[in-house]
Amino acid sequence: MATESSSSSVSSLALSRHLQKLEAMSGNLPPDIMLEILHRLPPKSLVRFTSVCKSWISLIKDHSFISDHLNRTVQPRNGNSFLLLQLHTDNYPKFYSLHSYNKKTNSFSSERFSFPPQPQLCGYSTVVGTCNGLVCFAQHSIVYFSTLIIWNPSLRKFLSLRRPIMYRSNRINEHVQYQYRLLYGFGFDPMNTDYKVIRLVVLNNEQDSPLVEVYSLTSCSWRRISVRVPLFFIPVHLKKIPQMFVNGALHWVVSRRLPGGKVQNFILSFDVVGETFGELMLPQQLNESPFMVSILEGGHQLALVHTYSKKNIDFFSIWVMKEYGIVESWTEILRRDLKRYGGIRTVLALTTSGKVMLRLCSGAIVLLDPMEDTVKPLADQEHFHAFAGPYVESLFFMNKKIDVVSY
Amino acid sequence: MSSSVEAITVLSSDGDEFKITVSAAKLSKPLNWMLEDVCFSDDCDEVPTIEVNSKTLVKVIEYCEKHAPRANSGASDSDAEELKKWDIEFMKMDVKDILFHILMAANYLHMEGLYDLACQTAADLMKGMTVSQIRKIFHIKNDFSSEEQEQLRRQHPGCSFD
């Protein structure tokens with residue numbers, strides 16, 4: 001009984017402290033109203049406002065505040081149609097946040113992010129993926145270990161990941177004598193409020209199951225997982241396999257050889273919470289296409305871009321899986337001749353409002369409105385590579401001190 | 001309540017009388033409850049008091065009357081667009097003087113739309129404010145020591161804390 005009464009007095013003390021804190025926080029407004037307003041502020045302002053007073057800093061750094069803030073930001077009804085655009089110029093990547101501030105005209109405003117001062121990362125580093133405001137990128141180099149970074153552009157903070165378990169001069173040497181390819185993914189685990197990087201060592205012999213390791217941002221470490229992975233291979237000509245994080249899972253388009261030698265394309269998926277692999281069928285027309293089929297990021301639904309030739313004319317077409325997991329729901333939403341608009345080089349992303357971001361042969365990045373069949377320029381610089389993916393502003397990394405670098 | 005009643009009279013916390021149409025009053029849950037209450041039956045002369053000052057109540061009623069047709073019947077996209085523009089104009093007001101009162105009134109009167117609009121307006125205004133401006137409008141005391149402030153600056157080198 002004694003313990004019970006002491007625990008209840010402790011909790012009532014904690015409650016009264018909590019209330020006092022809330023009162024100090026809100027000044028002349030009731031605390032619940034103040035909280036509602038703070039939830040609507042962008043991360044940049046919130047970081048600044050940590051210096052208002054002690055109760056504000058403890059509130060803004062609170063885990064539940066950070067999660068609530070994110071949940072609110074990613075809700076489609078809030079109209080946050082952000083894209084992160086990466087351009088490689090002068091051998092150095094430049095990052096922009098593009099956000100549609102006007103849903104009706106879908107014009108974009110852009111904001112330049114300064115890149116982390118990380119010498120290893122210039123050059124050919126590419127974005128693995130973006131997820132809930134964090135960006136993961138890797139320097140895919142010819143040496144066997146690539147530097148991986150998780151970055152919050154809004155907060156100007158980044159973390160260099162520890163070395164993976166399996167790399168050339170270590171364990172991988174024991175297991176693998178063959179050539180291999182690396183496949184990366186970056187996603188969010190809402191059950192544990194954790195971000196995960198998944199790294200697959202895919203052996204080119206097409207016989208052994210890929211080796212899999214997962215990095216958790218909470219534990220700041222890699223761990224090997226033993227899990228069944230469908231056999232697949234990555235076509236040699238592909239440098240990077242785009243990913244998409246949707247429905248709690250990561251997705252990549254990969255290929256496998258069927259008995260008889262035919263090649264079949266399919267979507268490999270990885271459930272970020274359960275850490276299991278699965279597969280999804282492509283639309284029938286794309287199943288055995290010898291042309292490029294790839295994930296297309298940016299929208300709310302799983303989407304594909306197919307670049308192919310028919311009667312000597314090159315096309316791209318975009319497919320969307322209207323109902324997740326239902327193969328019959330794949331729908332072709334757009335098809336264009338690649339010679340249009342002065343020549344299209346790459347299809348970069350879909351926007352949540354159904355527009356398509358293209359990189360033209362001239363180097364310009366444009367936004368295609370499929371309904372009106374018009375293109376509007378977004379960026380017009382000389383660059384040799386571009387990436388676009390979904391982006392929101394988030395407060396993650398606000399709390400983490402160990403290993404996270406501010407600049 | 002008699003269905004012939006089209007407008008009701010309420011008192012502000014300052015004791016002033018205001019008229020609000022029944023359809024506009026329906027935007028607020030508590031007002032809606034009052035409508036169903038005996039207060040507005042034909043044989044009752046008691047005027048209910050709303051704990052909102054006159055200056056704020058004028059604005060709240062203005063909002064209700066503007067939004068009532070759409071809330072009650074649904075509206076076309078062009079009306080929705082027009083209403084959005086009206087909301088922006090409507091929200092051009094002083095933060096401390098009236099916006100905070102609107103926030104509290106919308107909260108008290110359970111008016112989701114107005115509460116949402118006022119919170120977003122407050123957030124948009126705060127976005128561009130300096131830390132000292134924030135302290136001033138909310139009457140918050142700076143309880144950091146200069147060492148603690150210096151530490152914050154070091155943690156966020158790209159940030160202005162003034």
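For clarity, every value in this text was computed on a predicted model and none was experimentally measured. So you know, we letter chains A, B, ... as the sequences are listed, proteins then strands, and number each from 1.
- With a 4.5 Å cut-off on non-hydrogen atoms, B:D143 touches chain A through its backbone and its side chain both.
- Note that NE2 of B:H156 is 14.0 Å distant from NZ of A:K44, once rounded to the nearest 0.5 Å.
- The two residues B:T130 and A:R48 have their closest heavy-atom pair at CA-NH1, 3.7 Å.
- Considering all non-hydrogen atoms of both residues, B:K127 and A:L41 come closest at N-CD2, 3.9 Å.
- A pairwise comparison of heavy atoms in A:I37 and B:A122 identifies CD1-CB, 3.7 Å as the closest pair.
- Contact record, B:I140 with A:C53: CG2-SG, 3.5 Å, taken as the closest heavy-atom pair.
- Interface remark: of the candidates B:Q149, B:R154, B:Q120, B:Q120 forms the most heavy-atom pairs closer than 4.5 Å to chain A.
- With contacts defined as side-chain heavy-atom distances shorter than 4.5 Å, the pair A:T50/B:Q155 does not qualify.
- Rounding to the nearest 0.5 Å places CZ of B:R153 at 7.5 Å from OG of A:S51.
- Closest approach of A:D32 to B:Y115, counting heavy atoms only: O-OH, 4.0 Å.
- Considering only residues two or more places apart in sequence or on other chains, B:T121 meets the side chain to side chain donor-acceptor pair (under 3.5 Å) condition with none of them.
- Contacts of B:I134 with chain A are made by side-chain atoms alone, with heavy-atom separations under 4.5 Å and no backbone atom involved.
- Among all heavy-atom pairs drawn from B:F144 and A:I57, the shortest one is CZ-CG2, 3.9 Å.
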task: Applying side-chain contact (heavy atoms from CB on, under 4.5 Å), run through B:M126 and A:R40 and close with a yes or a no.
output: CA-CA 10 Å; B:M126 283 167 68; A:R40 292 163 189 255; over 6 Å; no
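- For B:D87, the side chain to side chain donor-acceptor pair (under 3.5 Å) partners two or more places apart in sequence, or in a different chain, are B:H67.
- For A:Q301, there are no side chain to side chain donor-acceptor pair (under 3.5 Å) partners, not counting sequence neighbours.
- Heavy-atom neighbours of chain A within the stretch residues 11-20 of chain B, taken at a separation under 4.5 angstrom, are nonexistent.
- Side-chain contact check for A:M34 versus B:L103: every heavy-atom pair is 4.5 Å or farther apart.
- Remark: B:E62 CD is packed, more than 12 non-hydrogen atoms of other residues, nucleotides or ligands lying under 6.0 Å away.
- Counting heavy-atom neighbours within 6.0 Å of B:Q151 CD, excluding the residue itself, gives a total of 12 or less.
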